[in-house]
J.: 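Here it is, the structure, as structure tokens.
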Amino acid sequence: MKVRLEAIRKSYGKTIALQNIGLEIEEGEFFFLLGPSGCGKTTLLRLLAGFEEADSGRILFDGREMKGVPPEKRNSGMVFQNYALWPHMTVGENVAFGLEVRGVSSKECLSRVQEALDLVHLGEYIDRRPVQLSGGQQQRVALARALVIRPELVLLDEPLSNLDARLRLEMRSEIRSLIKDLGHTAVYVTHDQKEALAMADRCAILRDGNIEQIGTPKELYCQPANRFTAEFLGETNFLAAQVLEKESGSGLYLLKLKDLDLTWRGASNQPLTGGQQVLVSIRPEAIRISEGPIEGMNLLPAVRSKSVYLGEVTQHTFVAVENGQVSLQLLELHSSDLPEGPVHLCAAPADTVILS
Ligand code: ATP
């Protein structure tokens, strides 16, 4: 199923939950809504499910407008954060519920319930009650209950947030494989950027009821459009700069770093004009240490001010030799003996992202 949202607006009294949401989700796409608490992602999912109606705008499933179509007629299956299983029913009865209300015969019901439970590796738990299952198993039952109706759209609202860290990691790839193997269009809500980066085909970053940016995980992480997206998706360094001019041929921009007598080259998705004040983002892992300049790389002569051991990596802070106010953080996979004196920090122009 293809999903299209046009100019969706939703408010609760004076609170505007969604301002002007427009996006398209392709058939078979695993699409994520990512953003901090209160940004409107659950509201958007509930609008898709049909639990709420938008104040204005249109929701289209395969070109068909959904206004006034109740949840059970939308052919979507929802997985809730708190599982929402009925404690008095067995696992099998929980999963069968959606089929029974749709009038599926008891013989077919039984085989489809077994098939759905087998899919989530819980075929042998059909007669247990939810209380006799672990959190991860309960979440799998919730997934089976959503999938058993063979939905064209699967909606998942922070399905992993009640699980411990190790199980969350395991379930990430399990859910993604399942959804992709079945070929469902799916929309997944989370505030966990690592979950979104690891699982999504594409993702929309939301803030205060608006979409800040839509892209693949790599596009969003490597080419953030603005400061919010850059910071929300992970650690980064910001440097203030002024645009000098566009370089002919490469498409890169020449920049003068603020407070430093250095010219760098950076990449931008937006057209920029000479003299414009901008912010540049460089991810810590994109910075290398070199004892001398490297052709074609942006360079900053700097000296190490501190190092913090983080387990899998060590994070170093360097300050510019010429101007101690400019500092950059970088990561090293293995903490090596770094020179005590000045070094050159190097970053590729493609990793020097000019934000709008
Ligand atoms: P979280 O990650 O904390 O669940 P969210 O991004 O899913 O947050 P929403 O639950 O969609 O955010 O809420 C968006 C805004 O709308 C918030 O300011 C919230 O307080 C408000 N809101 C949501 N539901 C209601 C409601 N039923 N009545 C009043 N305000 C609501």
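Each ligand, and each atom within it, is numbered from 1 in the order the structure gives. Fair warning: this is a prediction, and the values are worked out from it, not measured in the lab. Residue numbers start at 1 and run along the sequence shown.
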J.: With a 4.0 Å cut-off on N to O distance, would you call Asp201 and Lys180 a salt bridge?
T.: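 Salt bridge: yes.
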J.: Would you kindly specify which portion of His191 sits under 4.0 Å from ligand 1, judged on non-hydrogen atoms: side chain, backbone, both or neither?
T.: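 It is neither part, as no heavy atom is under 4.0 Å.
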J.: Can Gly35 be said to touch ligand 1, with heavy atoms closer than 4.0 Å?
T.: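 It does not, in that no heavy atom of Gly35 comes within the 4.0 Å cut-off of ligand 1.
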J.: Quick check on atom 1 (P) of ligand 1 - does any protein heavy atom sit closer than 4.0 Å to it?
T.: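 Within 4.0 Å: yes, protein heavy atom nearby.
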J.: With sequence neighbours excluded, give me every side chain to side chain donor-acceptor pair (under 3.5 Å) pair touching residues 253-272.
T.: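 Listed once each, the pairs are Glu247-Arg265.
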J.: For Cys39 and ligand 1, does the shortest N/O to N/O distance drop below 3.5 Å?
T.: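 Among all N and O atoms of Cys39, at least one is under 3.5 Å from an N or O of ligand 1.
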J.: At a 4.0 Å cut-off, with the gap strictly under it, does some heavy atom of Glu158 reach an atom of ligand 1?
T.: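 Flag set, Glu158 near ligand 1.
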J.: N/O to N/O below 3.5 Å, does that happen between Thr42 and ligand 1?
T.: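 Thr42 vs ligand 1: N/O contact under 3.5 Å present.
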J.: Pairs of nitrogen or oxygen atoms closer than 3.5 Å, one from Thr15 and one from ligand 1: do any exist?
T.: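 No: no nitrogen or oxygen of Thr15 is under 3.5 Å from one in ligand 1.
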J.: Please report whether atom 25 (C) of ligand 1 has a protein non-hydrogen atom at a separation of less than 4.0 Å.
T.: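 Yes, there is one.
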J.: When you measure from the heavy atoms of Gly13 to every atom of ligand 1, does any distance fall below 4.0 Å?
T.: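 For ligand 1, residue contact (heavy atoms, under 4.0 Å) with Gly13 is absent.
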J.: Could you work out the complete set of other residues in the hydrophobic cluster of Val131, with links drawn between I, L, V, M, F, W and Y side chains under 4.5 Å apart?
T.: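 None; Val131 is a cluster of one.
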